[in-house]
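Numbering starts at 1 and runs along the sequence shown. Both ligands and their constituent atoms are indexed starting at 1 by order of listing.
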Amino acid sequence: MNGSLPIGRLFGVPLKVHWSAPLLVALLGFGLGSQTLPALAPGHSRAAYTAAALLGAIALMLSLLLHEAAHAVIARRKGVDVEDMTLWALGGVTRMGQPTTPGAVLLISASGPLTSLLLGGLGIGAAFAVATGLHWTVVAAVLLWAGSANVLLGVFNLLPAAPLDGGRVLQAALWRHSGDRERAARAAGRSGQAVGVLLLFVGGIAFLRGSANGLWLMLIGFFITGSAGEEVRRAVLSSALRGVPVSQAMSSPVDTLPEWLTVARFFDDARSYRHSVLPLVDLDGRPTGIVTVRRLAMVPAGQREDVRVRELAIPLSRCAVAAPGDDLYEVLSRLSAPYAQRILVLDGSRLVGIVTARDISRITARRMLEERDGRRDGADPGGPWDQRDHRNPEAGPHTAR
Ligand SMILES: [Zn+2]
């Protein structure tokens with residue numbers, strides 16, 4: 001996550017804090033000290049409330065950390081690489097590789113909410129013990145608040161909505177039932193979208209009725225809807241494109257542009273080029289990069305005679321490149337460059353095709369139709385997992401109020 005600072009390790013896993021996490025502590029502490037504590041344990045000084053609120057907010061952050069640590073520790077026991085844990089304003093995020101069995105997914109995802117529920121139970125129990133045994137009402141109130149927040153956290157994260165932990169539990173169950181990992185991921189993502197929209201709606205109504213918590217709920221709903229949509233898209237792509245060679249998706253032959261042409265000359269012949277992005281070739285016919293018609297059109301009319309198209313090109317070293325036999329999904333998942341949706345297909349140093357966003361949606365649609373009609377040749381699914389989780393970590397907004 002951008003804007004995160006490494007602060008050490010917990011159980012050997014690098015720990016980071018996003019700039020928004022101290023904001024969460026401050027917000028929680030303020031609400032606790034100014035409203036919750038005076039209401040639960042009246043008759044104490046402002047200083048006592050402030051100190052207790054600060055401790056309470058820190059205790060809650062620590063319990064968020066334990067929630068994430070549970071995911072991380074179980075993941076590592078299941079042989080999954082854990083990259084790091086980050087605390088941010090909506091809770092914690094643990095980035096890890098992909099477990100290979102539904103059972104592992106179930107254990108890793110359930111461990112976090114179960115930890116929160118356990119901590120919640122302990123906190124509430126301790127609150128009653130402190131209140132009845134020691135009569136420390138402020139301490140009891142802090143414990144009760146932190147305990148209830150943990151229970152809420154555990155229950156909320158068990159909602160069957162990816163990317164929440166409960167969504168992963170659902171995914172594991174569906175995966176075990178159907179044997180189809182991608183289909184299970186899609187279903188959990190769709191469930192996440194539905195729950196996200198519901199939270200947005202409920203939060204919106206609460207906010208209109210004057211509750212500030214409604215705003216929180218909307219923010220979380222917004223986050224869940226977005227991440228769930230991304231998961232669905234990825235699962236659809238993965239199940240449609242895994243096992244498809246790049247050569248099956250590419251457009252060929254390719255319109256190319258000699259790199260030495262002037263921009264003026266290009267516009268004289270522009271009608272003969274059908275695409276908005278054109279690969280350039282040198283004198284030997286080898287590809288040297290790509291240029292967009294839009295970029296060429298930005299050259300003022302008076303200078304077009306003097307500028308050659310290669311001066312405006314994106315060099316080959318910065319282009320997405322693949323071989324005809326590469327797995328299309330693997331290629332797509334390792335791309336994050338701005339021109340990622342245009343892949344130049346090279347056979348040695350020869351340009352043999354190009355894959356555009358349109359080619360990808362065309363083949364995705366075709367494969368999905370085939371899958372629906374049961375005409376798939378079984379090239380899929382399964383196989384070793386990819387970088388998905390490095391870019392889209394398990395991101396549960398472990399929120400508390
Ligand atoms: Zn979690």
Intermediate values then yes/no, side chain to side chain contact (heavy atoms under 4.5 Å, CB included), Leu261 and Leu257: CA-CA 8 Å; Leu261 280 193; Leu257 197 59; 3.9 Å; yes

Residue His71 atom name (nearest to the Zn ion (ligand 1); N/O/S):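 The nearest such atom is NE2.
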
Considering just N/O/S atoms, say which atom of His67 is closest to the Zn ion (ligand 1).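 The closest N, O or S atom of His67 to the Zn ion (ligand 1) is NE2.
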
State whether Arg186 and Glu182 are salt-bridged, where the test is any N-O pair (Lys NZ or Arg NE/NH1/NH2 against Asp/Glu carboxylate O) under 4.0 Å.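 Salt bridge flag = no for Glu182 with Arg186.
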
With a cut-off of 2.8 Å, does any N, O or S atom of Asp165 fall short of it relative to the Zn ion (ligand 1)?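 Yes, since at least one N, O or S atom of Asp165 sits under 2.8 Å from the Zn ion (ligand 1).
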
With respect to Leu316, which candidate in Val321, Ile290, Leu351 satisfies the side-chain contact (heavy atoms from CB on, under 4.5 Å) definition?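 The single option meeting the side-chain contact (heavy atoms from CB on, under 4.5 Å) with Leu316 is Val321.
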
When you compare the side chains of His71 and Asp165, does any donor N or O come within less than 3.5 Å of an acceptor on the partner?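 Distance-only check passes for His71 and Asp165.
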
